[in-house]
Trainee: 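Handing you this structure, nothing more for now.
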Amino acid sequence: MKSDTTAESAAADGTSAARKVFVKTYGCQMNVYDSQRMADSLALEGYAETSSMQEADFVLLNTCHIREKAAEKVYSELGRVRAVKAERAGRGLETIVGVAGCVAQAEGREILRRESAVDLVIGPQTYHRLPGALRRALDGHRIVETDYAVEDKFDHLPKPGRAGIAARGVTAFLTVQEGCDKFCTFCVVPYTRGSEVSRPVAQIVAEAERLAGAGVRELTLLGQNVNAWHGEGPDGNEWGLGRLLFRLAELPGILRLRYTTSHPRDMSEDLIAAHRDLDVLMPYLHLPVQAGSDRVLKSMNRRHTAADYLRLVERIRKARPDIAMSGDFIVGFPGETEADFQLTLDLVRDVGYAQAFSFKYSPRPGTPGAERSDQVGEGEKNDRLPRLQALLARQQRDFAQQLVGRTVGVLIEKPGRAGQRVGRSPWLQPVIVDESVGGFGEIVDVRVNKAGQQSLFAEPVA
Ligand code: SAH
Ligand code: SF4
Ligand code: F3S
């Protein structure tokens, strides 16, 4: 999960007369994807992207509601935005301020009440209506668009990769599934993103083809429950994510495929077979488990046991022995005891993660977890989290370390520091190479000679 990524790519048409939009993105990769689609639709309205809020005629925050801290960040940022808006008004410049994303969906009109600088609130299911909402805001209205649209927003959003829309490099996200019906008792996503919807096969394949045509070499399929994706294939049969991956693997230009985030309950045989049979499907799987105690898993409504998860990991590793596992963990869910927490540590030791994200439980309004009377104290959460994180960090280091001396394929993505280029290993690690190595969008074999904190350093194989 990335946070605080600011969309930086400028629109193709960078004339100084053009109006400017500043987009700041919080939360998950789907928000990154959504920010790009919104920026694309604004590009067609004559808005160029800027990385300077002071320059922006339209400031758009694409927000995250997953934990309290994430939501609070938005309000503190809005304080800064208010100051910029006032400063610009002093220069005779109008600024429209918009809030999109999961805080927008969860809080709606309340945001207008709490923050007078906000002109427009728009939820994830209505992004195709952003240009219209912006026009009405420019006419002096305060807008809230948080209904679930009846039309398919993907039919109405501009197509990535089409003319007039800036290309964004050799890797791209592609949302194939949105929303969630699982209702884990800690999670707001089913409330902010709505119920599970899968995009049709033809729409996904067409978007992937356009992206490949625009120079994209690595596609990451996105969904809150990406492996619950299903749709009718051209053969008239019901396809799951496995079949879809086989289809996308055929596209000329696509050298690498990934998908995220998966739920353990939806790892079908087809999907495991895709890991076994598809070289372009990267041997890396983000498969959150959250906790290692069956009692806690049950109260989280995860609907599997720790043993189920371990058996699943074993099956996946049998199909694809070099697969690296990634996960998410929550410590201090209501009712979690020290003994439960020890079971989480045991599970982590059993699996061995190449990467993981771990969080203190944050009670979210409207979720069953927040209502419980057996909340775990902040002190205990603060005690458990660093112990888990130390173990996970050690595993991550060990995983990187065992790559030293080995040859790995690296997709060269972008320039790095002076004289360097940055690519990624099959296991999502940034890899630093000399600028003479490969061209952007090429996969080159390099020898890893050092594992740093976050990155690998590598040189060409002779
Ligand atoms: N769909 C994914 C998770 C999406 S949210 C899945 O089912 O695994 C990303 C991660 O945020 C979750 O995996 C969980 O670890 C964490 N998270 C979600 N709600 C949380 C909460 N209320 N407090 C702390 N962490 C939370
Ligand atoms: Fe949230 Fe659970 Fe759905 Fe993941 S599966 S988005 S954690 S409710
Ligand atoms: Fe956050 Fe919404 Fe993504 S709550 S994690 S931005 S789905």
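Just so you know, ligand 1 is whichever comes first in the structure, and atom 1 is the first atom listed for that ligand. Treat the numbers as computed from the prediction; the structure is a model and nothing was measured.
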Trainee: Out of curiosity, is Lys360 lining ligand 1, as in a heavy atom under 4.0 Å away?
Mentor: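 In this structure, Lys360 qualifies as a contact of ligand 1 - some heavy atom is under 4.0 Å.
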Trainee: Backbone, side chain, both or neither: what part of Phe359 comes under 4.0 angstrom of ligand 1, heavy atoms only?
Mentor: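 Contact part for Phe359 vs ligand 1: side chain (C-beta onward).
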Trainee: Any Lys/Arg nitrogen of Lys153 or Asp155 sitting under 4.0 Å from an Asp/Glu carboxylate oxygen of the other?
Mentor: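 Salt bridge absent between Lys153 and Asp155.
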Trainee: Who passes side chain to side chain contact (heavy atoms under 4.5 Å, CB included) against Val84, sequence neighbours left out?
Mentor: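 For Val84, the residues satisfying side chain to side chain contact (heavy atoms under 4.5 Å, CB included) (neighbours in sequence not counted) are Met53, Gln54, Arg88.
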Trainee: Whether Lys73 and Glu77 form a salt bridge (side-chain N of Lys/Arg under 4.0 Å from carboxylate O of Asp/Glu) is what I want to check.
Mentor: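 Salt bridge between Glu77 and Lys73, a charged N being under 4.0 Å from a carboxylate O: no.
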Trainee: Of the choices Lys381, Gln290, Arg364, Arg302, which has the non-hydrogen atom that lies closest to atom 7 (O) of ligand 1?
Mentor: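 The option holding the nearest heavy atom is Arg302.
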Trainee: Taking atom 11 (O) of ligand 1 as the point of reference, which of Arg265, Arg67, Gln224 owns the nearest heavy atom?
Mentor: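 When every heavy atom of Arg265, Arg67, Gln224 is considered, Arg67 comes closest to atom 11 (O) of ligand 1.
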Trainee: Using a strict 4.0 Å cut-off to heavy atoms of Asn31, name the atoms of ligand 3 that fall inside it.
Mentor: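 Contacts of ligand 3 toward Asn31, numbered from 1: 6 (S).
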Trainee: Do Arg243 and Trp229 come close enough that some side-chain heavy atom pair is under 4.5 Å?
Mentor: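 They are not in contact (no side-chain heavy atoms under 4.5 Å apart), so the answer is no.
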Trainee: Residue-level breakdown please: for Ser362 versus ligand 1, do any non-hydrogen atoms fall below 4.0 Å on the side chain, on the backbone, on both, or on neither?
Mentor: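 It is both backbone and side chain that touch ligand 1.
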Trainee: I'd like to know if Arg193 contacts ligand 2, where contact means a heavy-atom distance under 4.0 Å to any ligand atom.
Mentor: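 Outside the 4.0 Å threshold, so no.
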Trainee: Starting at CD of Gln125, measure out to CG of Asp152 and round the result to the nearest 0.5 Å.
Mentor: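 The CD atom of Gln125 sits 9.5 Å away from the CG atom of Asp152.
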Trainee: Search all heavy atoms of Gln105 against all heavy atoms of Thr192 and return the closest pair with its distance.
Mentor: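 Minimum heavy-atom separation between Gln105 and Thr192: CG-O, 3.1 Å.
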Trainee: Output, in order, the C-alpha distance, side-chain angles, deciding distance and verdict of salt bridge (charged side-chain N to carboxylate O under 4.0 Å, His left out) for Arg37 and Glu178.
Mentor: CA-CA 15 Å; Arg37 295 293 73 74; Glu178 195 168 349; over 6 Å; no
Trainee: Which of the numbered atoms in ligand 3 are below 4.0 angstrom from a heavy atom of Cys64?
Mentor: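 Going through ligand 3 atom by atom, the ones under 4.0 Å from Cys64 are 1 (Fe), 4 (S), 5 (S), 6 (S).
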Trainee: Judging by distance only, is a nitrogen or oxygen of Asp328 under 3.5 angstrom from one on ligand 1?
Mentor: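 Asp328 vs ligand 1: N/O contact under 3.5 Å present.
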Trainee: Look at atom 7 (S) of ligand 3 and find which of Gln224, Met30, Arg67, Gln29 reaches it with the closest heavy atom.
Mentor: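 Looking at heavy atoms only, Gln224 sits closest to atom 7 (S) of ligand 3.
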Trainee: Is the closest side-chain heavy-atom distance between Leu388 and Arg384 below 4.5 Å?
Mentor: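 Leu388 vs Arg384: side chains apart.
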Trainee: Over 60° means perpendicular and under 30° means parallel, so tell me whether Phe399 and Trp427 are parallel, tilted or perpendicular.
Mentor: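 Rings of Phe399 and Trp427: perpendicular, as their planes differ by over 60°.
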Trainee: Near Phe186, which atoms of ligand 2 are under 4.0 Å from a heavy atom of that residue?
Mentor: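 Contacts of ligand 2 toward Phe186, numbered from 1: 7 (S).
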Trainee: So is Ile330 close enough to ligand 1, meaning a heavy atom under 4.0 angstrom away?
Mentor: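 Yes, Ile330 has heavy atoms under 4.0 Å from ligand 1.
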Trainee: Below 4.0 angstrom from a heavy atom of Arg302, which ligand 2 atoms are there? Numbered from 1 as shown, please.
Mentor: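 Counting from 1, the qualifying ligand atoms are 2 (Fe), 7 (S).
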Trainee: Can you tell me if Ile66 contacts ligand 1 (heavy atom of the residue under 4.0 Å from the ligand)?
Mentor: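 It does; at least one heavy atom falls under 4.0 Å.
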Trainee: Any Lys/Arg nitrogen of Arg129 or Asp147 sitting under 4.0 Å from an Asp/Glu carboxylate oxygen of the other?
Mentor: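 The answer is no: the pair does not qualify as a salt bridge.
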Trainee: Is the shortest side-chain heavy-atom distance between Asp119 and Ile143 below 4.5 Å?
Mentor: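 Asp119 does not reach Ile143 side chain to side chain.
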Trainee: Hey, is ligand 1 close enough to Phe186 that some N/O pair sits below 3.5 Å?
Mentor: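 It does: an N or O of Phe186 is found under 3.5 Å from an N or O of ligand 1.
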Trainee: Does Glu209 come within less than 4.0 Å of Lys159, counting only side-chain N to carboxylate O?
Mentor: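 Lys159 and Glu209: not salt-bridged.
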Trainee: Please list, in number order, the atoms of ligand 3 under 4.0 Å from a heavy atom of Cys102.
Mentor: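 Reading through ligand 3 atom by atom, the close ones are 2 (Fe), 4 (S), 6 (S), 7 (S).
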Trainee: Quick one: do Lys69 and Glu72 make a salt bridge, cutoff under 4.0 Å?
Mentor: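 Judged by the 4.0 Å cut-off on N to carboxylate O distance, Lys69 and Glu72 do not form a salt bridge.
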Trainee: How about atom 3 (Fe) of ligand 2, which protein N, O or S atoms come within less than 2.8 Å?
Mentor: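 Atoms qualifying: Cys180 SG.
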Trainee: Distance to the ring centre below 6.0 angstrom and angle to the axis at most 45 degrees; does that hold for Arg114 and Tyr75?
Mentor: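 Judged by the rule, Arg114 and Tyr75 form a cation-pi pair.
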